[in-house]
Amino acid sequence: MRDALRINGQRLVARLAALGEIGALEGGGVCRLALSDEDRQGRERVIDWMRELGLSVSVDAMGNLFGLRPGREEGPPVMTGSHIDTVRTGGLYDGNLGVLAGLEVIETLNDAGITTRRPLCVAAFTNEEGARFAPDMMGSLVYVGGMPLEEALETRGIDGARVGDCLDAIGARGEAPVGAPDVHAFVELHIEQGPVLEESGVTIGAVEKVQGISWTEFTFTGTSNHAGTTPMRLRHDAGYAAMATATFVRELATRLGGDQVGTVGALTLSPNLVNVVANQARFTVDLRNTDNELLKQAERSLADFVTQLAEEEGIEVERRTLARFDPVPFDPAMVDRVEASARALGHSVMRMPSGAGHDAQMLARVCPTSMIFVPSVGGISHNIKEYTAPDDLEAGANVLLQVLLGLSE
Ligand code: GLV
Ligand code: MN
Ligand code: MN
């Protein structure tokens, strides 16, 4: 009976579309930056759905949102979920799929009149993206006790706003405590956000680990001067130095090869005018690798390059670490469960690492954890064109259902 149970794919797609209306962008996709008014509206919609499904809703001091379904026995819940914040140019699926597939599983169990032995919990964690407030995975990091609540609340975003003020402004600061969660196991369904499943013709990824993440913000300070009259030998050009660093990051990742990736995704110049040498450049570097030693090597190479460049150009450099997470291996027995459930449902499945950061990597600190990936068309994500076919969404949610059923008995 339980093995034959299936989620309703159309209902899942309809909820994804409905949530995607909040913060919808022209041409598709969404902008629902963490703790924005769109985030507030998204949370309200998810809370309404949770209540309609009979879940008891709680919100913690970090704004993490939980919907609990009691089991036949009391005790730590089996948890699933993800996030509903997006980057500025986000799609409908990143994070949202994990939360809404959790709700779809709950509705499927409600319809079938099944009460699991252990309680089930669907979570939507605050600020997974880190696009507005660094670090990423902030809500789940605080939830598991990896960052003091006070430090998170004091964090300022790219717009200067404080996390604590924004939580209050959107009414998202709750009463539930953070720091010592009691969770039996955690499994998160997510789109792959890369090309591997599609290129391999495989439907389900059983995620074995998440690669290490290193985010640094650099600020170069030089001297602004006239672009026409200042001889090249007399320049202290912060803009040039930033762009030379961006080029170096690209070359570094290419030279190291393997899983190494490197990105300069944000850059602001000041005064940012056609005929003025920039006196200030602020930019971010995102380095990632599945191997922590190689990631450290990349970080050292970058640091050495920047030090030498600043000296040669006669400019000052400030560095600020925005995020630094080691690679995270998932629980092998949990990865086996995902693989076995996918196979039992007749899906092709492969084991793979995650290139993106996820709330699951934080939950892995406190309970057995793994993830289920489904294909991203064209490997495109953090882009309004992000898309996963309905059949694949349904396949992933059915694997989630079976994994949750297994864990909750
Ligand atoms: C979060 O989405 C990240 O991997 O940057
Ligand atoms: Mn995500
Ligand atoms: Mn994302």
Side-chain angles (χ1 to χ4, degrees), residues 16 19-20 23 25 29-34 36 38-39 42 46 64-65 80-102 123-141 157-158 186-194 196 205 207 209-217 259-266 284-290 295 321-328 352-364 369 371-376 379-388 393 396 400:
L16 282 161
L19 191 52
L25 294 171
V30 275
C31 175
R32 213 181 304 121
L33 287 171
S36 61
E38 290 76 20
D39 189 7
V46 169
N64 297 313
L65 176 60
T80 188
S82 192
H83 60 97
I84 65 160
D85 67 310
T86 73
V87 297
R88 211 192 289 281
T89 52
L92 263 57
Y93 306 93
D94 179 358
N96 300 295
L97 173 61
V99 175
L100 300 183
F125 292 103
T126 297
N127 182 32
E128 187 273 351
E129 292 292 2
R132 184 181 181 197
F133 305 98
D136 48 352
M137 288 80 70
M138 182 186 275
S140 47
L141 179 63
I158 51 174
F186 183 82
V187 58
E188 177 175 355
L189 171 61
H190 206 285
I191 55 166
E192 182 205 329
Q193 307 182 268
V196 176
V207 185
K209 61 182 163 186
V210 179
Q211 68 180 343
I213 300 174
S214 167
W215 286 359
T216 311
E217 179 190 80
D259 289 334
Q260 183 65 50
V261 288
T263 307
V264 173
T284 56
V285 178
D286 174 323
L287 296 173
R288 306 194 197 198
N289 201 313
T290 49
L295 182 57
T321 299
L322 300 179
R324 181 61 173 86
F325 300 116
D326 289 352
V328 176
M352 61 190 299
S354 171
H358 295 291
D359 295 307
Q361 77 190 83
M362 299 308 165
L363 272 290
T369 296
M371 293 185 73
I372 304 159
F373 273 178
V374 285
S376 291
I380 290 177
S381 185
H382 286 185
N383 180 319
I384 62 170
K385 293 205 160 44
E386 178 182 279
Y387 183 70
T388 295
L393 299 170
L400 179 68

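Along the sequence shown, the residues carry numbers beginning at 1. Remember, it's 1-based here, ligands and their atoms both numbered in the order they're listed.
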Can you find a side-chain donor-acceptor pair between Gln211 and Asn289 that sits under 3.5 Å? no
Pro327: side chain to side chain contact (heavy atoms under 4.5 Å, CB included) partners, not counting sequence neighbours: Asn292
Distance from Leu33 atom CG to Thr86 atom OG1, nearest 0.5 Å? 6.0 Å
Could you state the interatomic distance from NE2 (His83) to CG (Asn127), rounded to the nearest 0.5 Å? 10.0 Å
Please determine whether His190 has a backbone or side-chain N, O or S atom lying under 2.8 Å from the Mn ion (ligand 2). yes
Out of curiosity, Asn64 CG to Met138 CE, how far, rounded to the nearest 0.5 Å? 11.0 Å
To the closest 0.5 Å, what do you measure between CZ (Arg88) and CD1 (Ile158)? 5.0 Å
Scan side-chain atoms only and decide if Gln193 and Ser376 contain a donor-acceptor pair under the 3.5 Å cut-off. no
Tell me which residues fall inside the under-4.0 Å heavy-atom shell around ligand 1. Glu128, Glu129, Asp136, Trp215, Arg288, Ala356, Gly357, His382
Enter the distance from Glu128:CD to Asp94:CG here, rounded to the nearest 0.5 Å. 6.0 Å
Nearest 0.5 angstrom please: Leu400 CG to Met371 CE, how far? 11.0 Å
Could I get the full list of side chain to side chain contact (heavy atoms under 4.5 Å, CB included) partners for Thr216, not counting sequence neighbours? Ser214, Phe218, Arg319
Report for the Mn ion (ligand 3), protein N, O or S closer than 2.8 Å, by chain and number, lists Asp94 OD2, Glu129 OE1, Glu129 OE2, His382 NE2
